[in-house]
Amino acid sequence: MNILILGSGGREHALAWAVKQNPKTDRLIVAPGNAGIAQLAECADIDILSGQAVVTFCEENAIDFVIVGPEAPLAAGVADATRAAGLLTFGPSAAAAKLEASKAFTKEICDACAAPTAAYARFTEAAPARAYVTAQGAPIVIKADGLAAGKGVIVAMTLDEALAAIDDMFGGEFGAAGAEVVIEEFMQGEEASFFILTDGTHALPIGTAQDHKRVGDGDTGPNTGGMGAYSPAPVLTDAIAQRAMDEIVLPTIREMARRGTPYQGVLYAGLMIEQGRARLVEYNARFGDPECQVLMMRLGAQALDLLLACAEGRLDQARVNWADDHALTVVMATKGYPGRYSKGSAIRGLDALPETSSQMVFHAGTTARDGQITATGGRVLNVTARGATLAEAQARAYAIVDAIDWPEGFCRRDIGWRAL
Ligand code: AMP
Ligand code: GLY
């Protein structure tokens, strides 16, 4: 079949890598793609936020299956447009993707289905929000309702920080995303990510992961989009995962279907685990980045069969063939990230690296010019490896990191520490 993947990051490189290994794949196109993706698929420069542009491209290229990677096209209704055009599509409708696009909506769903999550209140004006946090005290969590590229959440450890966050959000710091603010109880515990495929009715867990959000070793320094990840997440034991399915995920899926907006795609549940029980932190309507890279490394070619079963509404017949393995990815970023950084530095040594079913350098922000790979983003490479143990996966990943010649880049040296 002819497959189109939308997106341009390490997540989409990993999806393309797994899909490409499946013999069902004839032609693979990624839009817009990047320099690493171009080594295994065709790249196409189309406006992936335009449903019409995507549908036209699919018709011109006889696409059989569309996989939507990032949240922005989902929130823009691209999966609605491709489905309306009769194209088999992996990814939720805009109405279902509200589970990521609106934090207040997610809270409403949790209330409706009694899913455990932090206590909260919603505000559209600063004065009552300020009064509320003053009464509640710190620590407390202030969230812009809408999509804010991962920056709309302030975990305020003091009352002053909380009040400043409220003023920033209502002052327009996050644009329309901050027109409504959700204020939440601060939850203690250890975070983990749980990935579930659902076709709207059936659900199939496809793995757990943990990421490292802080830029510095020992989980210090500013927050980032994620500096590394590993799967499985030992904190999310089978028993806790099963309980999270029963108390959070399945009730959410039923509630979305009951409202006439069934969720179809991957549901990424961010969980806070404390004393053997998970509470929901947030939902995302897509694979995590870089969590997808470790999930794809573990699933390999069967990932396509699972995504197809999801899109075709037959997840009840699908199962995951697990190897007893571990995967770990190290993000290499341009020095200065997540603050200011320069673009265009040359990365050498990638050609000499073996690419196998247990090690791969996924590209997140690169372009190729005259045969030279250059860095064009903050997060640039995702050095990913698999092993029989997490320690083995980690050692493999860092051996590859050390073979990459990129003086302008850096990475954390302790990815996986919590689980080792
Ligand atoms: P979110 O974008 O909702 O995932 O929030 C980003 C990060 O903020 C999460 O990964 C958590 O580390 C933290 N966070 C969000 N909500 C809470 C909460 N209610 N209690 C504690 N930490 C939270
Ligand atoms: N790595 C976190 C995310 O994709 O949202």
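Whatever order the structure lists ligands and atoms in, that order sets their numbers, starting from 1. Note that the structure is a prediction, hence the values are computed from the model and not measured.
Looking at Glu191 against ligand 1, only its side chain comes within 4.0 Å, counting heavy atoms.
When the heavy atoms of Lys143, Glu184, Glu100, Met187 are ranked by distance to atom 15 (C) of ligand 1, first place goes to Lys143. Considering only non-hydrogen atoms, atom 1 (N) of ligand 2 lies nearest to Glu291 out of Glu100, Glu291, Met227. One option in Leu147, Asn284, Val141 has a heavy atom closer to atom 17 (C) of ligand 1 than any other, and that option is Val141.
Note on ligand 2: Phe287 sits outside its first shell, no heavy atom being nearer than 4.0 Å. Put simply, no part of Gly226 is less than 4.0 Å from ligand 2, judged by heavy atoms. Contact between Gln188 and ligand 1 is absent, with no heavy atom of the residue lying under 4.0 Å from the ligand. Proximity of Arg286 to ligand 2 is established by a heavy-atom distance of less than 4.0 Å.
Near Phe186, meaning under 4.0 Å from any of its heavy atoms, are these atoms of ligand 1: 20 (N), 21 (C). Near Asp211, with a cut-off below 4.0 Å to any heavy atom, the atoms of ligand 2 are 1 (N), 2 (C). Each of the following atoms of ligand 1 lies closer than 4.0 Å to a heavy atom of Ala118: 19 (N). Set against the non-hydrogen atoms of Lys103, the atoms of ligand 1 under 4.0 Å away are 2 (O), 3 (O). Here is the list of ligand 1 atoms found below 4.0 Å of a heavy atom in Glu185: 18 (C), 19 (N), 20 (N). Below 4.0 Å from some heavy atom of Gly225 lie the following atoms of ligand 2, by number and element: 1 (N), 2 (C). Each of the atoms 4 (O) of ligand 2 lies under 4.0 Å from some heavy atom of Gly288. Within ligand 1, counting atoms from 1 as listed, the ones closer than 4.0 Å to a heavy atom of Lys213 are 10 (O).
For the 3.5 Å distance criterion, the side chains of Glu190 and Gln210 qualify, holding a donor opposite an acceptor.
Under a 4.0 Å N-O distance rule, the pair Arg277/Glu247 qualifies as a salt bridge. At a threshold of 4.0 Å, the pair Lys107-Glu184 counts as salt-bridged, since one of the basic side-chain nitrogens sits closer than that to a carboxylate oxygen. The pair Glu408-Lys335 fails the salt-bridge criterion, with no side-chain N (NZ, NE, NH1 or NH2) lying under 4.0 Å from an Asp/Glu carboxylate O. Of the charged side-chain nitrogens involved, at least one lies within less than 4.0 Å of a carboxylate oxygen, so that Asp325 and Arg298 count as a salt-bridged pair. Between Arg418 and Asp219 a salt bridge is recorded (basic side-chain N to carboxylate O distance below 4.0 Å).
Looking at Glu191 and Val235, their side chains never come closer than 4.5 Å, going by heavy atoms from C-beta outward. Side-chain contact between Thr376 and Thr334: absent, with no pair of heavy atoms (C-beta onward) separated by less than 4.5 Å.
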Please output the side-chain donor-acceptor pairs of residues 123-135 that fall under 3.5 Å, not counting sequence neighbours, one pair per line with the distance.
{"unit_1": "Arg130", "atom_1": "NH1", "unit_2": "Asp167", "atom_2": "OD1", "d": "3.0"}
{"unit_1": "Arg130", "atom_1": "NH1", "unit_2": "Asp167", "atom_2": "OD2", "d": "2.7"}
{"unit_1": "Thr134", "atom_1": "OG1", "unit_2": "Arg130", "atom_2": "O", "d": "2.6"}

Show me, pair by pair, the donor-acceptor contacts under 3.5 angstrom made by side chains of residues 390-397, not counting sequence neighbours?
{"unit_1": "Glu392", "atom_1": "OE1", "unit_2": "Ala388", "atom_2": "N", "d": "2.5"}
{"unit_1": "Gln394", "atom_1": "NE2", "unit_2": "Ile415", "atom_2": "O", "d": "2.7"}
{"unit_1": "Arg396", "atom_1": "NH1", "unit_2": "Arg386", "atom_2": "O", "d": "2.5"}

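Counting heavy-atom neighbours within 6.0 Å of Asp402 CG, excluding the residue itself, gives a total above 12.
Of the protein's non-hydrogen atoms, the one nearest atom 2 (C) of ligand 2 is Tyr268 OH, 3.4 Å.
Residue Lys213 has no nitrogen or oxygen atom sitting less than 3.5 Å from a nitrogen or oxygen atom of ligand 2, judged on distance alone.
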